[in-house]
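A, B, ... follow the sequence lines: proteins, then strands. Residue 1 opens every chain. All values below come from the heavy atoms of this structure, side chains included, with hydrogens, waters and symmetry mates left out.
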Protein chains: 2
Amino acid sequence: MKEAGKPKGEPRGAATPGLRPGGRSARVQATVHAAVRDLLAMHDRSELSVPQVAARAGVTPSTIYRRWGDLQELLADVALERLKPETDPIDTGSLRSDLELWLEQYREEMSSAPGAALIHDVLASIDRPLGAAQCCTFSKQQFAVMTARAAARGEAVPDLDTIVDVCLAPIVYRILFGDTVPGAGYVEGLVARLLAGLEPRPAR
Amino acid sequence: MKEAGKPKGEPRGAATPGLRPGGRSARVQATVHAAVRDLLAMHDRSELSVPQVAARAGVTPSTIYRRWGDLQELLADVALERLKPETDPIDTGSLRSDLELWLEQYREEMSSAPGAALIHDVLASIDRPLGAAQCCTFSKQQFAVMTARAAARGEAVPDLDTIVDVCLAPIVYRILFGDTVPGAGYVEGLVARLLAGLEPRPAR
DNA sequence: GGATAAAAGCAAATAATTTGCGTTAGTGGG
DNA sequence: CCCACTAACGCAAATTATTTGCTTTTATCC
């Protein structure tokens with residue numbers, strides 16, 4: 001029996017944000033995250049357990065349980081951090097190629113087994129569907145940078161939600177549901193569809 | 001430690017298909033499925049455990065472990081069955097309204113907490129990403145029925161993959177990633193976007 | 001009907017998770 | 001700078017979940 005979901009007394013924080021930004025707490029978090037990354041890189045994820053992570057991180061299992069709740073939450077936390085973009089999207093001079101480049105790179109990365117695992121981990125978090133939302137926010141922020149630049153150049157730009165719907169969602173959907181794997185030229189088609197709907201002003 | 005993923009000796013089957021279609025095996029499967037559904041309807045999913053399901057189903061836990069592996073696999077199996085459409089999509093006379101009706105119903109159902117949980121459960125299955133693919137296949141089969149009817153009426157019909165990309169993927173994406181929740185009129189917009197790309201080629 | 005083997009039951013062994021309590025170490029007030 | 005305060009950690013016992021070896025039941029095929 002895990003724990004009821006209703007009257008939870010907030011024992012576990014979101015881990016990343018500041019519970020006690022200070023020394024030890026942050027140190028433990030970093031160590032545990034590193035341990036997860038290492039173990040994930042070495043063994044198969046089916047042989048990953050909380051006690052194992054704890055041992056490698058040099059903390060007791062109860063520390064992890066108290067702070068993250070269970071393995072899924074911990075994995076989601078780690079995955080979210082890895083999904084956070086570290087740099088702004090490359091500026092190629094046009095929205096079309098900016099999008100094509102970024103989306104193609106995203107597709108490439110998330111089509112791989114480890115990439116898909118990241119998305120799965122983020123989605124698996126039960127107590128915190130916030131993680132998935134944040135993951136989506138990351139992408140939208142990247143799109144926002146691109147459209148801002150495009151708008152500054154005088155290009156007509158689509159809505160952020162529309163970019164997500166037309167270009168990002170299909171990629172993610174196909175990865176998650178293992179539908180026909182997107183091949184070369186797929187991303188170009190999505191972007192073309194997005195930009196084709198620009199001048200004609202679709203209802204929204 | 002769960003079990004390695006590579007050299008698995010096929011101890012657990014896909015559960016639903018025929019390992020031993022006959023009497024007892026099928027009976028146990030039905031009982032266990034029912035137990036999961038009942039418990040899921042009663043308590044919160046955080047207080048759902050294999051031993052609990054076993055107790056309610058009147059089987060020993062080891063039976064469940066041997067057959068499904070773990071709780072996630074079992075939940076995925078149950079969810080997949082519930083996601084299987086039991087009837088053909090309603091024939092309203094046009095592809096546009098057929099799609100609008102079906103997608104709106106899908107959106108409505110999967111936006112709810114229990115609906116979203118079904119999708120999550122299907123995706124959570126590790127040993128069997130096939131479940132998710134099958135889930136996608138269900139939807140495509142529904143679309144196939146609609147487009148076949150439309151084609152018989154002489155309507156121009158889009159590709160199945162295109163329907164998934166343009167109409168289904170955005171809905172699922174928004175549900176999973178908790179992005180801005182789709183409101184009224186959302187589905188109509190998606191279908192409009194899909195069908196807009198059909199006849200009016202001249203648009204330039 | 002009887003041989004065969006898959007699937008289930010049972011129970012002991014192992015591993016994971018929870019929990020109470022004492023200890024360590026950031027944080028804020030004097 | 002020192003002290004009180006408390007969040008977060010460590011430790012270990014208690015609980016619960018999972019695995020596993022072996023036996024028994026029961027479909028399935030001759």
Exercise. For B:Trp68 and C:dA7, give me the distance from atom CH2 to atom P, rounded to whole Å.
Key: 11 Å

Exercise. Report the distance from atom CG of B:Leu71 to atom P of C:dA16, rounded to the nearest whole Å.
Key: 17 Å

Could you give the side-chain donor-acceptor pairs of residues 53-60 of chain A under 3.5 Å, partners two or more places apart or in another chain?
| unit_1 | atom_1 | unit_2 | atom_2 | d |
| --- | --- | --- | --- | --- |
| A:Arg56 | NH1 | A:Asp38 | OD2 | 2.8 |
| A:Thr60 | OG1 | A:Ser62 | OG | 3.3 |
| A:Thr60 | OG1 | A:Thr63 | OG1 | 3.3 |

Quiz item: In whole Å, what is the span from the CG atom of B:Asp70 to the P atom of C:dA15?
Solution: 18 Å

Exercise. Could you tell me whether a side-chain N or O of A:Asp70 sits under 3.5 Å from a main-chain N or O of A:Glu73, the two making a donor and an acceptor?
Key: yes

Practice problem: Please confirm whether any donor atom in the side chain of B:Arg24 sits under 3.5 Å from an acceptor in the base of D:dT25, or the reverse. | Solution: yes

Quiz item: Can you check the A:Gln29 CD to C:dG26 C1' distance for me, whole Å?
Solution: 16 Å

Could you list all N or O pairs between the protein and nucleotides 13-15 of chain D that sit under 3.5 Å apart?
none

Quiz item: Ignoring hydrogens and angles, does a donor from either the side chain of A:Arg66 or the base of D:dG10 sit under 3.5 Å from an acceptor on the other?
Solution: yes

Practice problem: Starting from P on D:dT19, measure out to CD on A:Glu47 and report it in whole angstrom. | Solution: 13 Å

Quiz prompt | DNA chain C contacts among residues 52-61 of chain B, heavy-atom distance under 4.0 Å | solution = B:Gly58, B:Val59, B:Thr60

Quiz item: Do the side chains of A:Leu83 and A:Gln134 get nearer than 4.5 Å, heavy atoms only?
Solution: no

Quiz prompt | Check: A:Ala144 main-chain N/O paired with A:Thr147 side-chain donor or acceptor under 3.5 Å | solution = yes

Quiz item: Just by distance, do the side chain of B:Asp98 and the backbone of B:Thr92 share a donor-acceptor pair under 3.5 Å?
Solution: yes

Quiz prompt | Interatomic distance, A:Leu74 CG vs C:dT17 C1' [rounded to whole Å] | solution = 15 Å

Exercise. Mind calculating the distance between OH (B:Tyr65) and C1' (C:dA15) to the nearest angstrom?
Key: 11 Å

Quiz prompt | Closest to the B:Arg67 side chain, choosing from C:dT18, C:dA7, D:dC9 | solution = C:dA7

Quiz prompt | Terminal axes of the helix from C:dG1-D:dC30 to C:dG30-D:dC1 (five pairs each): angle between them, nearest 10 degrees | solution = 50°

Quiz item: Distance from A:Leu194 atom CG to B:Arg193 atom CZ, nearest 0.5 Å?
Solution: 8.0 Å

Quiz item: Could you state the interatomic distance from CZ (A:Arg96) to CG (A:Leu101), rounded to the nearest 0.5 Å?
Solution: 14.5 Å

Quiz item: Quick one: which of D:dT20, C:dA8, D:dG10 gets closest to the side chain of B:Thr63?
Solution: C:dA8

Quiz item: Okay, side chain of B:Glu108, backbone of B:Leu103: is any donor-acceptor separation there less than 3.5 Å?
Solution: no

Review item, side-chain donor-acceptor pairs of residues 110-119 of chain A, under 3.5 Å, at least two apart:
| unit_1 | atom_1 | unit_2 | atom_2 | d |
| --- | --- | --- | --- | --- |
| A:Ser111 | OG | A:Arg107 | O | 2.6 |
| A:Ser112 | OG | A:Glu109 | O | 2.8 |
| A:Ser112 | OG | A:Gly115 | N | 3.1 |

Quiz prompt | Rounded distance in Å - CD (B:Glu73) to C1' (D:dA17) | solution = 17 Å

Quiz item: Are any side-chain N or O atoms of A:Gln141 and backbone N or O atoms of A:Cys136, one a donor and one an acceptor, separated by less than 3.5 Å?
Solution: no

Quiz item: Hey, does the side-chain of A:Ser62 have a donor or acceptor N/O within less than 3.5 Å of a partner on the base of D:dC11?
Solution: yes

List the atom pairs, with distances to 0.1 Å, where a side-chain N or O of residues 157-173 of chain B and a protein N or O form a donor-acceptor pair under 3.5 Å, not counting sequence neighbours.
| unit_1 | atom_1 | unit_2 | atom_2 | d |
| --- | --- | --- | --- | --- |
| B:Asp159 | OD2 | B:Asp161 | N | 3.2 |
| B:Asp161 | OD1 | B:Lys140 | NZ | 2.9 |
| B:Asp165 | OD1 | A:Arg174 | NE | 2.9 |
| B:Asp165 | OD1 | A:Arg174 | NH2 | 3.2 |
| B:Asp165 | OD1 | A:Tyr186 | OH | 3.2 |
| B:Asp165 | OD2 | A:Arg174 | NH2 | 3.0 |
| B:Asp165 | OD2 | A:Tyr186 | OH | 2.9 |

Quiz prompt | Nearest-neighbour nucleotide for the A:Arg27 side chain, C:dG26, C:dA16, C:dA8 considered | solution = C:dG26

Practice problem: Look at atom CD of A:Glu155 and say whether more than 12 heavy atoms of other residues, nucleotides or ligands are closer to it than 6.0 Å. | Solution: yes

